Number of protein chains: 2
Amino acid sequence: MTDLPTSDQEAELADALREAAAFRLTGRATINDIARIAKVSKKTVSRVINESPLVKPRTRHLVKAIIAELGFTPDPQARALALRRSFLVGLVYDNPSPQYVVNMQRGILDGLEDTDFQLVLRPVNRSDANYWDRLRTFIQQHKPFGLILPPSVSEDEELVAMLRENDVDYVRIASVELDTPARMIRTHDAEGAAQAARHLCALGHTDIAHIQGPETFRSAHERRSGFVRGLTESGRTLAPDLVAEAGYTFESGLLAMERLIYAKRRPTAVFAGNDEMATGAYLAVRKAGLRIPEDISIVGFDDTPIAGRLWPALTTVRLPIREMGRAAAQLLLAQAAGNEPAEITSFSPEIVVRESTAQVPRGN
Amino acid sequence: MTDLPTSDQEAELADALREAAAFRLTGRATINDIARIAKVSKKTVSRVINESPLVKPRTRHLVKAIIAELGFTPDPQARALALRRSFLVGLVYDNPSPQYVVNMQRGILDGLEDTDFQLVLRPVNRSDANYWDRLRTFIQQHKPFGLILPPSVSEDEELVAMLRENDVDYVRIASVELDTPARMIRTHDAEGAAQAARHLCALGHTDIAHIQGPETFRSAHERRSGFVRGLTESGRTLAPDLVAEAGYTFESGLLAMERLIYAKRRPTAVFAGNDEMATGAYLAVRKAGLRIPEDISIVGFDDTPIAGRLWPALTTVRLPIREMGRAAAQLLLAQAAGNEPAEITSFSPEIVVRESTAQVPRGN
DNA sequence: TGACCTTCTGATACCGGTGTCATTATCATT
DNA sequence: AATGATAATGACACCGGTATCAGAAGGTCA
């Protein structure tokens, strides 16, 4: 009965809206203003904002109408204070590839669009002894809602333990299964690397080298072991002297490639652990007066924007980094809403064949 | 007399520190805890935190000692609520060059390091009609401490007016003088472009083209007019049919270069308005089967990381983007502290000659 | 010594929300 | 119509800081 529209109720609503309209230009409305105009307590308004089921539909409609009329949005600072938790989402990274990070940022921003959450950047230096302390200080001060941890930060179990202690949500992005489906985005790097191996083998290469990422990155291991698996499937092996370790950076890729070029047996194809190192490899090949792909084929990993800008365009293993960022943000929001996905969100990389790979040169 | 150290005072301090130490592991301290232990009111503690001169030295030392002992830091959310102003610094950008933005981010993060301020990212789309509304909503909700406005957002006077109305500090980064020294970082793009012109003229080029940035960017104008000035000084002119407008993006640079290559009179040198477009130009030149720099010399602008990763390495006009970001952050902090610089902070670009430019080809 | 002026300090309200818990409507039952 | 159970609401304290303003402490001067 009570919830049927009655002229009585409509009059009440009209009255309130009139009052709201009059209030409108006074400045920004607060929960108190809404409560006063709706003639309810601020707690009831708070309930409406938070979608509590404990509000009579009639009341809810009235309050919502006034909120809409005044364009009211709750103050994030006040909420943060009361909830002991802010609306910041931190992206913590120690990633040597800037391209990777930008793309991830974009994805996270996509996922956070039209929410109250703000993305804040927390670059760290894992090799710095007090990186840990600084991050803990940040967390305890700013009480971020959650953190997004791309590789390799995602692999730091101590860090994660600290987050749990401090009751901060997080999402880990990694190439191995490290956590529950609610807290994890998985990439199948090994599979992508195996595809790269198959591609090079299909082109007839046998002297195949690998520029490996740093030992401290799980992804570097995954990519290498997947690559080895792919080679094995095709009856090839990865010769130990054709593996050069580098640091996922351009410069280290350049140096690693130089070592390979001047090795006893020069490879005809190289798989670099990421695009950044592949770009360095390009330069080393050019400096040596060799041609890509005629003399040496190169394959990268990630498919960051630079891959398509190089010449010849880089054949690489595409990881949908931006989409991963978006998924990570959404996963964080889902945690907030209490929704636990049943399965790990995972992304499978796929090789993108461009122009940096070709048949093995004759005479080899 | 009162301020001389007395055994009495030392005893008081020791007592308080003992109590503080005992408190230590109870959790995170608040201003109330400090006040209780120091036996002063919270307002006095607040005064000490805010460096108010109205506190007796003796009291100040006592309170500071306890703060240090407990590692207390004021809660940013509570402060934000009381001050009606948060500790967020927003980077608002609508910049087609991701490299530019990353570098700027880094600089800002450098400048904000070890402060309470957090960098939040606000990418916008200036051509989107409601970009303005979204930004206003952000500002009114999150009450950022200040915003950093790189080109081209910095040129939007309406936006700036809105910021003033809402009492938000800001720093504008632009190639023209748009504001007071306290709110402005200036780059002398025209001078950099003139250097590019002189460089190309010195190499003997006469058929010189320009890939211009979008009309909506002041920097595009500055760079073009500076370039024209440089050419004029050397007795050359910029032929209208050798100007191609593009959008500061890789793809648009590619298309613009293609137009130039297939123009009636093919240029022997091209000055691109930024590195992103220069990268596109590289690809167009390669696709046409031409060589850099033997057939065509290319100069970029910005010196983003990609410049050194291209082959041949790109000759470009270096803008210290990261340093500019740091300076912008520091300027914002200076505004907070009430320090007004007397002169505009400005940065002069400088040409970096690499391998993409050479003597004009024989026969031209 | 008392009047008066500074310099310090603290009680209290406030910023704009949320949590707790008691109280009031509302409804189904008997 | 009275009863009890459940749904809906509000009073009040609280989150951790800052602002206001009155009052206390200390110093100067006649």
Side-chain angles (χ1 to χ4, degrees), chain A residues 1-4 26-64 67 70-87 116 140-143 145 167 336, chain B residues 1-4 26-64 67 70-87 116 140-143 145 167 336:
Chain A
M1 276 298 268
T2 346
D3 295 348
L4 284 175
T26 316
R28 201 169 165 68
T30 73
I31 199 173
N32 292 299
D33 303 319
I34 308 290
R36 184 166 36 70
I37 294 172
K39 299 195 196 351
V40 297
S41 72
K42 57 195 284 204
K43 182 68 223 198
T44 295
V45 177
S46 171
R47 287 193 183 98
V48 172
I49 295 168
N50 294 292
E51 304 285 351
S52 158
L54 288 172
V55 182
K56 219 198 295 188
R58 179 179 171 162
T59 314
R60 184 182 10 255
H61 295 322
L62 174 63
V63 172
K64 280 198 169 170
I67 287 178
L70 260 54
F72 163 80
T73 46
D75 181 319
Q77 271 76 41
R79 270 178 111 164
L81 179 57
L83 292 170
R84 292 163 200 77
R85 180 170 218 193
S86 76
F87 289 83
D116 272 349
Q140 296 189 338
Q141 268 205 242
H142 292 272
K143 307 178 198 72
F145 181 84
D167 210 34
Chain B
M1 275 297 268
T2 346
D3 295 347
L4 283 176
T26 316
R28 200 170 166 68
T30 73
I31 199 173
N32 292 299
D33 302 320
I34 309 291
R36 182 167 36 71
I37 294 172
K39 300 195 193 2
V40 298
S41 72
K42 56 196 283 204
K43 180 70 222 197
T44 296
V45 178
S46 172
R47 288 194 183 95
V48 172
I49 295 169
N50 294 291
E51 304 285 351
S52 159
L54 289 172
V55 181
K56 215 197 297 188
R58 179 178 172 162
T59 314
R60 181 176 19 251
H61 294 322
L62 174 63
V63 171
K64 280 200 168 170
I67 286 178
L70 260 54
F72 164 80
T73 46
D75 181 318
Q77 270 75 43
R79 266 178 115 165
L81 179 57
L83 293 171
R84 293 162 200 76
R85 182 171 218 192
S86 76
F87 289 84
D116 272 350
Q140 296 189 335
Q141 268 204 243
H142 291 273
K143 308 179 198 71
F145 180 85
D167 210 34

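In what follows, chains carry the letters A, B, and so on, assigned in the order in which the sequence lines appear, proteins first and then strands, with residues in each chain numbered from 1. These numbers were taken from a predicted model, which means no experiment stands behind them.
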Determine whether B/Asp167 and B/Arg84 satisfy the following criterion, side chain to side chain contact (heavy atoms under 4.5 Å, CB included), listing intermediate values before the conclusion.
CA-CA 11 Å; B/Asp167 210 34; B/Arg84 293 162 200 76; over 6 Å; no

A/Lys143 and B/Asp75: side chain to side chain contact (heavy atoms under 4.5 Å, CB included), yes or no, with the steps?
CA-CA 9 Å; A/Lys143 307 178 198 72; B/Asp75 181 318; 2.6 Å; yes

Is any side-chain N or O of A/Ser46 closer than 4.0 Å to OP1 or OP2 of C/dG17?
no

Residue pairs fulfilling salt bridge (charged side-chain N to carboxylate O under 4.0 Å, His left out) with at least one residue in residues 40-53 of chain B, sequence neighbours excluded
B/Glu51-B/Lys64

Any idea which heavy atoms bring B/Ser86 and B/His142 closest together, and the distance?
OG-O, 2.8 Å

Shortest non-hydrogen contact from B/Ile34 toward B/Phe72
CD1-CB, 3.7 Å

Show your reasoning for whether side chain to side chain contact (heavy atoms under 4.5 Å, CB included) applies to A/Arg79 and B/Leu81.
CA-CA 9 Å; A/Arg79 270 178 111 164; B/Leu81 179 57; over 6 Å; no

Whole-Å distance separating the CG atom of A/Asn50 from the C1' atom of C/dT18
8 Å

Between its two end axes (five pairs each) the helix from C/dT1-D/dA30 to C/dT30-D/dA1 turns, nearest 10 degrees, through 50°

I'd like to check B/Arg28 versus B/Thr73 (side-chain heavy atoms, cut-off strictly below 4.5 Å). Are they in contact?
yes

Under 3.5 Å, N/O pairs linking protein and nucleotides 12-16 of chain C:
{"from": "C/dG16", "atom 1": "N2", "to": "A/Ala78", "atom 2": "O", "distance (Å)": "3.4"}

With sequence neighbours excluded, residues passing ring pair (Phe, Tyr, Trp, His ring centres under 6.0 Å) with A/Phe145
A/Phe117

Protein-nucleotides 4-9 of chain D N/O pairs closer than 3.5 Å?
{"from": "D/dT9", "atom 1": "OP1", "to": "A/Thr59", "atom 2": "OG1", "distance (Å)": "2.5"}
{"from": "D/dT9", "atom 1": "OP2", "to": "A/Lys56", "atom 2": "N", "distance (Å)": "3.0"}

Test A/Ile67 against every option in A/Leu62, A/Ile49, A/Ile37, A/Ile31 by the side chain to side chain contact (heavy atoms under 4.5 Å, CB included) rule and name the one that passes.
A/Ile49

Check side-chain contact (heavy atoms from CB on, under 4.5 Å) between A/Thr30 and all other residues, then give those that pass, not counting sequence neighbours.
A/Asn32, A/Asp33

